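Below is one structure, written out as structure tokens; comments come after it.
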Protein chains: 2
Amino acid sequence: MVVSVQIAPPDFDPVFAALADHTRRDIVRRAINAEEGVLELASHYPMSFAAVQKHVAVLERAGLITKQRIGRRRVVRTNPEALLVARRLLDQYEGLWRARIDRMNQLVAETAGAIDTVETKESKR
Amino acid sequence: MVVSVQIAPPDFDPVFAALADHTRRDIVRRAINAEEGVLELASHYPMSFAAVQKHVAVLERAGLITKQRIGRRRVVRTNPEALLVARRLLDQYEGLWRARIDRMNQLVAETAGAIDTVETKESKR
DNA sequence: GCTGAATACAACCGTATGGTTGTATCAGTG
DNA sequence: CACTGATACAACCATACGGTTGTATTCAGC
């Protein structure tokens, strides 16, 4: 019996908020390729270790990265799924945009045959 | 004489920050299709007109929407270019991700033929 | 089982953010 | 010109955010 698998509706707020910081975006970028611990990551940025640690925490809460113990360090990896979540929203907007264009073209095509229908479309307030 | 058109390097911070709010994302979505003034927009949300106005200002500063005078109202339209800016960054990350996968596959392929090269690749600290 | 490297966490500070209310500007319309 | 619909802007408040320093925790390795 398939119970219509409820995918948790992603809350975009923390994802976009996490991406709205240069340092955090750079951490994401780094963590795509490298496998660095938090201390190693911190060495790249002109701020305290604790500050970087906080950034990592923000990214982790947003689901953009995960940490895994390896030896004594916790290696940071980016989670491509979370990136897709954000991208899908933008794609959706793009879809709406295209739909609008299509509708406008459609409208133009119709109007070309019956110009006086314009009055009914444009609500002048 | 083409002067190597310098596209201003987009600062992603305000774009993602603007998208990190449910109300603002909804404004963007609405403004893709509809052509509403700020007052009309505000009517959709459970907050004061001024609050919505601020949200619109944030979106405008981020370049995600534009306002155009039509009659007495200022009609809000989303700027698909800005959405693309954000999307391109995510695409770039996805590219890095794929590149990493490819490199790993490459590595596996090489290793299959010469197992003892593993030592040189894995830096054990 | 100690020691120390790597990480986590708490407290604090200045500034930014999201909301409010109130007042000012500005352009159509009677 | 006066009126009013639509917007802008300023002041204020509570809370969140990005940074700091300092202290606690937790394993890896000897």
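Just so it is clear: chains get the letters A, B, ... in the order the sequence lines come, proteins before strands, and each one is counted from 1. Because only heavy atoms are used, hydrogens play no part in the values below, and waters and symmetry mates are left out as well, while side chains stay in. Just so it is clear, the model here is predicted, and its values are computed rather than measured.
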N or O in side chain of H55(B) less than 4.0 angstrom from dG19(C) OP1/OP2: yes

When you match V75(B) and V52(A) each to their closest nucleotide on DNA chain D, which lands nearer the 5' end?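 Residue closer to the 5' terminus by nearest nucleotide: V75(B).
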
Result for 5'-nearest mapping on DNA chain D, choosing between F49(B) and S48(A), is F49(B)

If you check every side-chain atom of [X], which of [options] has the closest atom?
X	options	answer
K54(B)	dA6(C), dG19(C), dG18(D)	dG19(C)
A50(B)	dG18(D), dC9(C), dT20(C)	dT20(C)
L39(A)	dT7(C), dG18(D), dT7(D)	dT7(C)
K67(B)	dT7(C), dA8(D), dG19(C)	dA8(D)

Rounded to the Å, how far apart are [X] [atom1] and [N] [atom2]?
X	N	atom1	atom2	value
R24(B)	dT17(C)	CZ	C1'	8 Å
M47(A)	dT21(D)	CE	P	13 Å
R61(A)	dG18(D)	CZ	P	10 Å
I27(A)	dG18(D)	CD1	P	11 Å
R72(A)	dT26(D)	CZ	C1'	11 Å
L59(B)	dT17(C)	CG	P	13 Å
E40(B)	dT7(D)	CD	C1'	12 Å
R74(B)	dG28(C)	CZ	P	10 Å

Can you tell me if R98(A) has over 12 outside heavy atoms packed within less than 6.0 Å of its CZ? no

Would you name the heavy atoms of G63(B) and N79(B) that are closest together and state the gap between them?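 G63(B) and N79(B) have their closest heavy atoms at O-ND2, 3.1 Å.
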
Listed by chain and number, what are the side-chain hydrogen bond (donor to acceptor under 3.5 Å, both in side chains) partners of R30(A), not counting sequence neighbours? D26(A), H44(A)

Which residues pass the side-chain hydrogen bond (donor to acceptor under 3.5 Å, both in side chains) test with R88(B), not counting sequence neighbours? none

Connected via hydrophobic side-chain network under 4.5 Å: L89(B) and V85(B):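 Result: yes, single cluster for both.
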
